[in-house]
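For ligands, and for the atoms within them, numbers begin at 1 and follow the listed sequence.
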Amino acid sequence: MGDGEPASQRVSPLKNFVAGGVAGACLLFVGHPLDTIKVRLQTQPKASSGQLLLYRGTYDCFHKTVSKEGILGLYKGMGAPLAGVAPMMAISFFGFGLGKQLQQGKSGKALTPLQIFLSGCLAGVFTTVIVTPGERIKCLLQVQASGGAVKYAGPIDCAVRLYKEQGMRSVYKGTLLTLIRDVPSNGLYFLTYESLKNFMTPEGQSVSQLSTPKILLAGGIAGILNWMIALPPDVLKSNFQTAADGKYRSQVDVLRTLLREEGPRGLYKGFNAVFLRAFPANAACFLGFEFALKGLDWLTPSR
Ligand SMILES: CC(=O)O[C@H](CC(=O)[O-])C[N+](C)(C)C
């Protein structure tokens, strides 16, 4: 690991915001098909005695989805994340940049790994405001398509109906689990990326000159480590957000029920789809970010 971020690499939170939006679009385009498979696997009903599971695994889910719904079936529910992921990543990179700036102040001192981690955690707090409703709508749409019955016509219809039926509480169902998922995972995400970038930068060179393969590698690994700690709360969140009203008494009840019915393995449901997606999607995300930042620096050289 490097010794934290060199002061010369400070970037304005505003540029982080715009480049983060581009990063989010890249993340979504590469990652959404595997996200659909992940959510379908995580939320498929348990097989009752004598019945077979709807999907036997990642490949089976991919195959059934593509043969029944075509390739576009993998992009189901993408409207909500498109409106949500680009702003989410914009806010995430903004929060991260702000966290770094707040801790660095005018001192210009390099940040320690703990300070970089905390800046990432701040990003996770900021993003929850839009991630929770975005994930609620996305998961409901992804699951309804695999279940047959169509209740919501699309993301807007889903948002409006959730709000009309039970108000903001319903739109924000799963907030605590989203925070538990996103605060530490954002910390680890950004810490990994920044540390790997510093580590891979040859002596005497600037991190901004890092080659494309190295950016892809650092971004991909950041995505994998992020999901190592994000997956268990993500499974709980997906189940809680898509459950019929009254199925769980609280967010803790989801954990109890899952452990009782499926054991600790249940917390890593959708593992293959998540980890197949994590590397390419996050590699694309950070590459999009770095390219956008270079473009912004070219357009407006002052920080
Ligand atoms: C848990 C999650 O959504 O991770 C994001 C990347 C991905 O693979 O979707 C990144 N972030 C930690 C910034 C939310």
Student: Heavy-atom pairs closer than 4.0 Å: do any link ligand 1 to the side chain of Leu27, the backbone, both, or neither?
Tutor: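 The part of Leu27 near ligand 1 is the side chain, not the backbone.
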Student: Taking both backbone and side-chain atoms of Ser92, is any N or O found less than 3.5 Å from an N or O belonging to ligand 1?
Tutor: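 No, Ser92 has no N/O under 3.5 Å of an N/O on ligand 1.
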Student: Just let me know how Asp35 lines up against ligand 1, side chain, backbone, both or neither, with a heavy-atom cut-off below 4.0 Å.
Tutor: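 Neither; no heavy atom under 4.0 Å.
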Student: With only distance considered, is Ser185 within less than 3.5 Å of ligand 1 through an N or O on each side?
Tutor: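 Among all N and O atoms of Ser185, none is under 3.5 Å from an N or O of ligand 1.
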Student: Side chains of Ser170 and Arg136 only: does a donor on one sit below 3.5 Å from an acceptor on the other?
Tutor: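 Short answer, yes.
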Student: Kindly state each residue pair satisfying side chain to side chain donor-acceptor pair (under 3.5 Å) with at least one member in residues 159-168, sequence neighbours excluded.
Tutor: Gln166-Asp245
Student: Who gets closest to atom 7 (C) of ligand 1 by heavy atom: Arg277, His32, Lys237?
Tutor: Arg277
Student: Taking atom OH as the centre, does Tyr248 end up with more than 12 heavy-atom neighbours from other residues, nucleotides or ligands that are less than 6.0 angstrom away?
Tutor: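 Above 12, so yes.
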Student: Does ligand 1 have any atom sitting under 4.0 Å from a heavy atom of Trp227?
Tutor: yes
Student: Side chains of Ser92 and Asn186: do they bring a donor and an acceptor to under 3.5 Å?
Tutor: yes
Student: I need the full list of ring-ring contact (aromatic ring centres under 6.0 Å, His included) pairs touching residues 253-285, with sequence neighbours left out, sorted by first then second residue.
Tutor: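 ring-ring contact (aromatic ring centres under 6.0 Å, His included) check on residues 253-285 returns Phe271-Phe275.
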Student: Only heavy atoms count here, so choose which of Thr128, Asn186, Asn226 is nearest to atom 14 (C) of ligand 1.
Tutor: Asn186
Student: Would Lys269 and Glu261 satisfy salt bridge (Lys or Arg N to Asp or Glu O under 4.0 Å), going step by step from the backbone distance to the final call?
Tutor: CA-CA 13 Å; Lys269 266 198 293 190; Glu261 290 181 352; over 6 Å; no
Student: Looking only at protein heavy atoms, which one is nearest to atom 6 (C) of ligand 1, and what is the separation?
Tutor: Asn282 OD1, 3.3 Å
